[in-house]
Amino acid sequence: MRIGELARRTGVTPRALRYYEEQGLLTPERRPSGYREYGDRDVDAVHGIRTLLAAGLNSAAIAEILPGLPLPGQRQAGPTCPELLDGLARERARITRQMDELAAARAILDAIMGAEAPSEVIRTPRA
DNA sequence: ATTCTGACA
DNA sequence: TGTCAGGA
């Protein structure tokens with residue numbers, strides 16, 4: 001599929017998809033026309049990229065682990081070098097700290113809203 | 001109509 | 001990231 005379709009199927013703009021390629025996150029084939037040609041696997045890859053990006057990982061970190069990205073339907077990623085493993089452990093720790101900060105922020109909002117019930121009960125139904 | 005690269009009042 | 005230019 002070309003960039004337009006991947007964009008529709010992932011909800012990511014073509015601009016962002018080209019940017020991901022610049023960052024080495026995606027490496028689509030090229031047609032003789034120069035148009036990028038993506039595979040179905042890229043749909044899942046893009047979702048993974050978005051998730052990791054949203055979690056605060058930089059493109060460099062994502063690029064390293066992309067080949068090991070657990071795509072839907074496949075098992076655990078294969079063995080990774082100890083150095084990379086260490087980097088992932090740090091990212092995980094960072095995310096955990098981030099979660100704590102978010103929980104603290106939510107607690108503040110709960111207090112302001114005068115919410116005694118568990119947050120899960122007052123969660124606003126999202127879109 | 002789509003996509004491409006490069007660039008930024 | 002959006003968006004415009006100038007081409008294919």
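Chain letters run A, B, ... following the sequence lines, proteins first, then strands; residues in each count from 1.
- Note on Arg94(A) versus Glu91(A): salt bridge recorded, some NZ/NE/NH1/NH2 to OD/OE distance being below 4.0 Å.
- Among the nucleotides dT1(C), dA8(C), dT5(B), the one closest to any side-chain atom of Ala16(A) is dT1(C).
- In this structure, Tyr20(A) reaches the dT1(C) phosphate: one of its side-chain N or O atoms is under 4.0 Å from OP1 or OP2.
- With Asp42(A) contributing its side chain and Ala45(A) its backbone, the two residues share no donor-acceptor pair below 3.5 Å.
- Rounded to whole Å, the distance from CD on Glu21(A) to C1' on dT5(B) is 12 Å.
- Checking side-chain atoms of Glu29(A) against main-chain N and O of Tyr38(A) turns up no donor-acceptor pair under 3.5 Å.
- Taking the P atom of each, dT2(B) and dG6(C) are spaced 22 Å apart, rounded to whole Å.
- Computed from coordinates, the Leu17(A) CG to dG2(C) P distance equals 11 Å when rounded to whole Å.
- Taking side-chain N and O atoms only, Ser33(A) has no distance below 4.0 Å to OP1 or OP2 of dT3(B).
- With a cut-off of 3.5 Å on both Watson-Crick or G-U wobble distances, the partner of dG2(C) is given as dC8(B).
- Rounded to whole Å, atom P of dT5(B) lies 16 Å from atom OH of Tyr19(A).
- The only member of Arg31(A), Arg2(A), Glu21(A) that meets side-chain contact (heavy atoms from CB on, under 4.5 Å) when paired with Arg36(A) is Glu21(A).
- Taking atom CZ of residue Arg31(A) and atom P of nucleotide dA8(C), one finds them 20 Å apart after rounding to whole Å.
- A 3.5 Å limit on both hydrogen-bonding distances identifies no Watson-Crick or G-U partner for dA1(B).
- Side-chain heavy atoms closer than 4.5 Å link hydrophobic residues (I, L, V, M, F, W, Y) into clusters, and following such links, possibly through other members, connects Leu25(A) to Tyr19(A).
- Residue Arg36(A) places at least one side-chain N or O under 4.0 Å from the OP1 or OP2 atom of dC4(B).
- The separation between Tyr35(A) atom OH and dT5(B) atom P is 11 Å, rounded to whole Å.
- Following rounding to the nearest Å, Arg15(A) (CZ) and dT5(B) (C1') show an atom-to-atom distance of 11 Å.
- The CD1-P distance, from Ile3(A) to dT1(C), rounds to 13 Å in whole Å.
- Checking the phosphate oxygens (OP1, OP2) of dG2(C), no side-chain nitrogen or oxygen of Arg18(A) falls inside 4.0 Å.
- Rounded to a whole Å, the CD1 atom of Ile49(A) is 11 Å from the P atom of dT1(C).
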